Amino acid sequence: MKLTTWNINSVRLRLPLLKNLIAVHNPDVIALQEIKTADEFFPYEGVRALGFPHIEVRGQKGYHGVAILSKLPLTKPHRLSLLGHGDSRHITATLPDGTELHNFYVPAGGDIPDRVENPYFGFKLDYVDAMREWFAAQRTKKDKMILVGDLNVAPGEHDVWSHKQLLKIVSHTPEETSRLDQFQAGLDWLDAARHLAPAPEKLYTWWSYRNKDWRASNRGRRLDHIWLTQPLAPRLKRLDTLTDARDWPQGSDHVPVTVELQSS
DNA sequence: ATGGTGGATGCTCCA
């Protein structure tokens with residue numbers, strides 16, 4: 001079973017790029033973030049034509065929005081609205097083997113890493129805390145779960161191009177990374193990418209549009225994640241980051257990350 | 001220290 005997470009940055013604009021992803025990684029399940037469309041404008045027909053008949057969408061006009069596309073039947077779709085806000089930032093569904101897949105788009109948090117000056121930053125910190133609290137209250141580490149998405153935090157020193165230069169940059173501040181670490185530790189989530197490629201190897205999944213030559217400057221960050229609960233850990237076979245997707249014509253600033261799990 | 005790009009939307013917000 002292959003599962004991809006990708007912040008596609010507009011599913012309507014980049015529907016053709018989904019075809020590229022399928023040609024290279026051939027996933028069974030795709031979790032998308034930032035689809036940037038209301039449900040009624042989601043390209044259902046186009047996605048079905050690519051071989052994904054099972055589709056769960058939680059859209060929003062203009063911003064955010066998440067979706068799960070699957071070749072395999074999905075059951076028990078559900079949406080969390082953490083903190084009671086109206087943003088479309090989470091959707092979950094259950095795969096045929098009973099694994100519960102959670103797809104998150106964590107708030108980016110604005111530019112200034114200060115709750116008082118920048119309410120978006122406080123919202124982001126509170127959102128990560130609310131994720132941790134929800135799983136602590138509603139699930140256990142013995143449940144079979146996969147958590148994927150754009151978590152908008154590069155937690156480790158080697159998840160950014162310069163640890164020192166990014167310590168005060170939103171996505172890598174100690175306030176964010178300590179919260180994400182605490183969340184991860186809560187249910188003993190396995191970070192699939194780091195399990196297979198331990199530090200100090202550099203791993204990035206996002207390069208800003210504002211860098212002219214992203215490959216030459218390589219100022220990347222690892223913002224997109226795939227976590228597994230321990231019952232699934234023995235099934236983890238492989239993880240691929242599709243770095244070349246950053247060069248696709250009109251590409252997203254995030255690249256797809258695919259994990260392969262052995263059948264249960 | 002600054003400004004750099006992109007998408008959806010509609011004379012701006014969010015990333």
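No experiment lies behind these values; they were computed from the predicted model shown. Chain letters run A, B, ... following the sequence lines, proteins first, then strands; residues in each count from 1.
- The CG atom of A:Asp213 lies 10.0 Å from the CG atom of A:Asn218; values are rounded to the nearest 0.5 Å.
- Near DNA chain B, defined here as any heavy-atom distance below 4.0 Å, the residues from residues 31-43 of chain A are A:Glu34, A:Lys36, listed numerically.
- A:Arg219 forms a cation-pi arrangement with A:Trp161, by the criterion of a distance under 6.0 Å to the ring centre and an angle within 45° of the ring axis.
- Residue A:Leu21 is tested with A:Asn26, A:Leu50, A:Thr4, A:Val255 for a side chain to side chain contact (heavy atoms under 4.5 Å, CB included); the sole match is A:Thr4.
- Going from atom CZ of A:Arg235 over to atom CG of A:Asp97 covers 4.5 Å, rounded to the nearest 0.5 Å.
- For the pair A:Asn9 (side chain) and A:Glu34 (backbone), a donor-acceptor distance under 3.5 Å is absent.
- Side chain of A:Lys2 to backbone of A:Asp28: no donor-acceptor contact under 3.5 angstrom is found.
- Take the nearest nucleotide of DNA chain B for A:Lys61 and for A:Tyr105: the residue whose nucleotide is more 5' is A:Lys61.
- A salt bridge links A:Glu45 with A:Arg48: at least one charged nitrogen is closer than 4.0 Å to a carboxylate oxygen.
- Contacts of residues 6-21 of chain A with DNA chain B (heavy atom under 4.0 Å): A:Asn9, A:Ser10, A:Arg12, A:Leu13, A:Arg14.
- If you check residues 209-225 of chain A against DNA chain B, the residues with a heavy atom closer than 4.0 Å are A:Tyr209, A:Arg210, A:Lys212, listed by number.
- Here A:Trp134 and A:His102 bring their ring centres to under 6.0 angstrom of each other.
- To the nearest whole angstrom, the two C1' atoms, one in B:dC13 and one in B:dT9, are 9 Å apart.
- Side chain of A:Arg79 to backbone of A:Val57: a donor-acceptor contact under 3.5 angstrom is found.
- Taking atom P in both B:dG7 and B:dT2, the straight-line distance is 27 Å, to the nearest Å.
- Checked by atom type and distance alone, the side chain of A:Thr205 pairs as donor or acceptor with a backbone atom of A:Leu223 at under 3.5 Å.
- Checked for salt-bridge contact, A:Arg139 and A:Glu100 meet the test: a charged N lies under 4.0 Å from a carboxylate O.
- Taking the charged nitrogens against the carboxylate oxygens, A:Lys168 and A:Asp114 have no contact shorter than 4.0 Å, which rules out a salt bridge.
- Looking at residues 108-120 of chain A, you'll see A:Ala108, A:Tyr120 sit with a heavy atom under 4.0 Å from some atom of DNA chain B.
- With hydrogens and angles disregarded, a donor-acceptor distance shorter than 3.5 Å links the side chain of A:Arg58 to the backbone of A:Leu80.
- A:Tyr209 meets the ring-ring contact (aromatic ring centres under 6.0 Å, His included) test with no other residue; sequence neighbours excluded.
- Comparing B:dA1 with B:dT12, their P atoms sit 29 Å apart, to the nearest whole Å.
- Centroid-to-centroid, the aromatic rings of A:Tyr204 and A:Trp214 stay 6.0 Å apart or farther.
- Heavy atoms of A:Arg246 sit nowhere under 4.0 angstrom from any nucleic acid atom.
- Nucleotides of DNA chain B lying under 4.0 Å from heavy atoms of chain A occupy a range whose first and last members, 5' to 3', are B:dG4 to B:dA15.
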